[in-house]
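One structure is given below, encoded as structure tokens.
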Amino acid sequence: MIIKMNVTTQNNRLLSIDLARGLAVFFMIAVHTLEVFASEQVKNSVFGQIIEFFGGPPAAPVFMTLMGFSFMYSRKSALKPRLLRGFKIFLSGYMLNILRGVIPFTLSTQLEMDIAKTLPLEKLNEYTILTIVDILQFAGIALMIMALIQEFKINKYIILFTAFLISMLSPFLWGLNLNIPVIDQIFELFWGDQPIAFSFIANKIAFPVFPWLSFPLLGMFLGDTMKNSKDQSITFKNFGIIGILVLVIGVAISYSNVDYHFNDYYHSRQGGMLFMCGFVVFWLYINQLILDKVPQNNFFDLLFKWSNGVTNIYFAQWIIIIWSIAFLGINQSSYLTIVLLIFTFTFISHLINEFIVFIQDKNKIKQTA
């Protein structure tokens, strides 16, 4: 069984996009579980570092690049619906902040729960948590920007060059403000930088437009290139070669000062951005190789489902993880507990996504009846 993708073609060359996104879903849940619950010993172990890596370049950068890639294949090209969809995704980020942040934070502090005593209350309050800029806020803004780019039919090489400029110049914008609250709140979305450095909350502005817009713009270039390719196999090989070259350049630039270039991950500088962009492009080639070599199987089908339900799963896993803090504490869990939690949270998130899809399909049947 082949799960329908968010693109118009269903051959293996494009199923590799769903495979990469499906794997990113699992990596995402794994790294969030690690960051919230793992003890320092577990986080600093080889096991923890492996999860941290796969929860890095193969996760959020892949999600955002593939959003741009899939955007170029979408049959819905009207500007207004795309802008509206982007705005809805943007608002959904704040809804998630309420469900996974404001409500449990308020309950824990008002009920004077033990967990509240471990929180840095001088840095965290209801307003701070509500206005955290996470991937959904960024994705909504990025989708609206991509809609405008496509509306004005901007050349793909200009898009790629813009992505490069953003990855290089963004650090010079971080933290820029005018000391005007309303204006600065808007600026935060684009180049905010407010370190919190508490457990799993490294920075209030987790996904600023600069530099993260580099990834969906890169995805638009890759998607347009693949869409117009006469031989997708050769194009994927070219992706692999170019990806490795860019990755190596990123490593070379970062080598002398890794901490500076990778910063807090959410605000990676030039070397870190080149490394992650190169990795993503190479990773797409690796996923294509996997599909070429490994026969279709149930595990692939499961990953394709997760790819299509990524937003549902993103919501579900964060709400489950954060509300579980009341029972498990923060950064206290052992190796075995972390492994069990990763698979438990993944399973529950999968069931929630299946239920949502079932309800949606049921409503579609009613509407067509």
Side-chain angles (χ1 to χ4, degrees), residues 17-67 96 100-101 134-136 139 198-203 206-207 212 215 262 264-266 268 272 275-276 279-280 282-284 286-287 290 298-325 327-354:
I17 303 306
D18 265 353
L19 179 64
R21 189 158 43 207
L23 287 170
V25 167
F26 179 72
F27 298 151
M28 168 189 72
I29 297 174
V31 77
H32 288 166
T33 303
L34 181 87
E35 290 176 344
V36 174
F37 297 110
S39 66
E40 286 302 311
Q41 179 186 2
V42 175
K43 289 174 70 174
N44 294 328
S45 68
V46 174
F47 167 78
Q49 292 303 305
I50 290 173
I51 292 180
E52 286 279 5
F53 175 79
F54 281 101
V62 166
F63 282 134
M64 293 299 97
T65 302
L66 297 186
M67 183 176 74
L96 179 60
R100 69 163 178 183
D134 205 355
I135 201 167
L136 291 174
F198 169 72
S199 181
F200 58 96
I201 310 176
N203 200 300
F207 291 90
W212 281 87
F215 295 110
F262 284 87
D264 65 1
Y265 169 70
Y266 302 107
S268 294
F275 172 82
M276 288 193 286
F279 179 91
V280 169
F282 177 68
W283 186 244
L284 297 184
I286 293 298
N287 278 268
I290 293 172
N298 291 334
F299 180 60
F300 284 173
D301 292 338
L302 178 63
L303 292 175
F304 297 155
K305 281 187 177 183
W306 291 352
S307 174
N308 287 333
V310 60
T311 303
N312 296 336
I313 294 174
Y314 185 79
F315 257 82
Q317 57 93 35
W318 258 134
I319 293 172
I320 296 166
I321 287 172
I322 297 301
W323 282 81
S324 297
I325 289 175
F327 307 100
L328 299 169
I330 297 176
N331 299 137
Q332 298 178 17
S333 299
S334 64
Y335 291 97
L336 179 59
T337 302
I338 292 301
V339 172
L340 292 175
L341 287 176
I342 288 171
F343 285 101
T344 300
F345 293 151
T346 301
F347 179 67
I348 295 173
S349 299
H350 168 75
L351 291 181
I352 292 172
N353 179 58
E354 288 288 278

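In this chain, residues are counted from 1 in sequence order. All values below were derived from every heavy atom in this structure, side-chain atoms included, with hydrogens, water molecules and symmetry-related copies excluded.
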- Message: If I compare all heavy atoms of Ile290 with all of Phe300, which pair ends up nearest, and what's the gap?
- Response: CG2-CZ, 3.7 Å
- Task: Hey, could you give me the CD1/CD1 distance between Ile338 and Ile51, rounded to the nearest 0.5 Å?
- Result: 7.5 Å
- Rounded to the nearest 0.5 Å, how far apart are CD1 of Ile348 and CG of Asn353? 14.0 Å
- Message: I need the Ile325 CD1 to Ile320 CD1 distance, nearest 0.5 Å.
- Response: 13.0 Å
- Ser307 side chain to Leu303 main-chain N or O, any donor-acceptor pair under 3.5 Å? no
- Query: So, do Thr65 and Trp283 sit near enough that their side-chain heavy atoms are less than 4.5 Å apart?
  - Reply: no
- Step by step, work out the side-chain contact (heavy atoms from CB on, under 4.5 Å) result for Ser45 and Tyr335. CA-CA 10 Å; Ser45 68; Tyr335 291 97; 3.1 Å; yes
- Query: Just wondering, do His350 and Ile313 contact through their side chains at under 4.5 Å, heavy atoms?
  - Reply: no
- Query: Roughly how far apart are Ile321 CD1 and Leu341 CG, rounded to 0.5 Å?
  - Reply: 9.0 Å
- From Ile17, Asp18, Val280, residue fulfilling side-chain contact (heavy atoms from CB on, under 4.5 Å) relative to Leu66: Ile17
- Query: What orientation do Phe279 and Phe53 show, parallel under 30°, tilted 30 to 60°, or perpendicular over 60°?
  - Reply: perpendicular
- Task: Determine, stepwise, if the pair Phe215 / Phe207 fulfils ring-ring contact (aromatic ring centres under 6.0 Å, His included).
- Result: CA-CA 11 Å; Phe215 295 110; Phe207 291 90; 9.5 Å; no
- Measure the acute angle between the ring planes of Trp212 and Tyr266, then classify it against the limits of 30° and 60° as parallel, tilted or perpendicular. tilted
- Taking the six-membered ring for Trp, are Phe275 and Phe262 parallel (under 30°), tilted (30 to 60°) or perpendicular (over 60°)? perpendicular
- From CA spacing to verdict: side-chain contact (heavy atoms from CB on, under 4.5 Å), Met28, Phe63: CA-CA 10 Å; Met28 168 189 72; Phe63 282 134; 3.9 Å; yes
- Check Arg100 against Ile322 and note the closest heavy-atom contact, atom names and distance. O-CG2, 2.8 Å
- Message: Pair Val310, Met67 - check side-chain contact (heavy atoms from CB on, under 4.5 Å), show working.
- Response: CA-CA 11 Å; Val310 60; Met67 183 176 74; over 6 Å; no
- Item | Distance in Å, Glu35 CD paired with Ile330 CD1, rounded so as to fall on 0.5 Å steps | 12.5 Å
- Aromatic plane relationship, Phe198 with Phe200 - under 30° parallel, 30 to 60° tilted, over 60° perpendicular: tilted
- Taking every heavy atom of Ala20 against every heavy atom of Val62, the minimum-distance pair comes out as O-CG1, 4.0 Å
- For residues Ala24 and Pro58, report the shortest heavy-atom separation together with the two atoms involved. CB-O, 3.3 Å
- Would you find a donor on one side and an acceptor on the other, under 3.5 Å apart, between the side chain of Asn331 and the backbone of Ala38? yes
- For the residue pair Phe343 and Phe26, does the interplanar ring angle fall in the parallel (under 30°), tilted (30 to 60°) or perpendicular (over 60°) class? tilted
- Message: If you compare all heavy atoms of Thr337 against all heavy atoms of Ser334, which two are closest, and at what distance to 0.1 Å?
- Response: OG1-OG, 3.1 Å
- Task: Starting at CG of Leu328, measure out to OG of Ser333 and round the result to the nearest 0.5 Å.
- Result: 5.5 Å
- Task: Locate the shortest heavy-atom distance separating Tyr265 from Pro61; write the atom from each residue and the value.
- Result: OH-CD, 3.2 Å
- Hey, are the side chains of Trp306 and Thr346 touching, using non-hydrogen atoms and a 4.5 Å cut-off? yes
- Query: Is the backbone of Phe37 close enough, under 3.5 Å, to the side chain of Gln332 for a donor and an acceptor to pair up by distance?
  - Reply: no
- Message: With a sphere of 6.0 Å drawn around CD of Gln41, does it hold more than 12 non-hydrogen atoms of other residues, nucleotides or ligands?
- Response: no
- Message: Walk me through whether Asp134 and Trp318 qualify under side-chain contact (heavy atoms from CB on, under 4.5 Å).
- Response: CA-CA 12 Å; Asp134 205 355; Trp318 258 134; 3.9 Å; yes
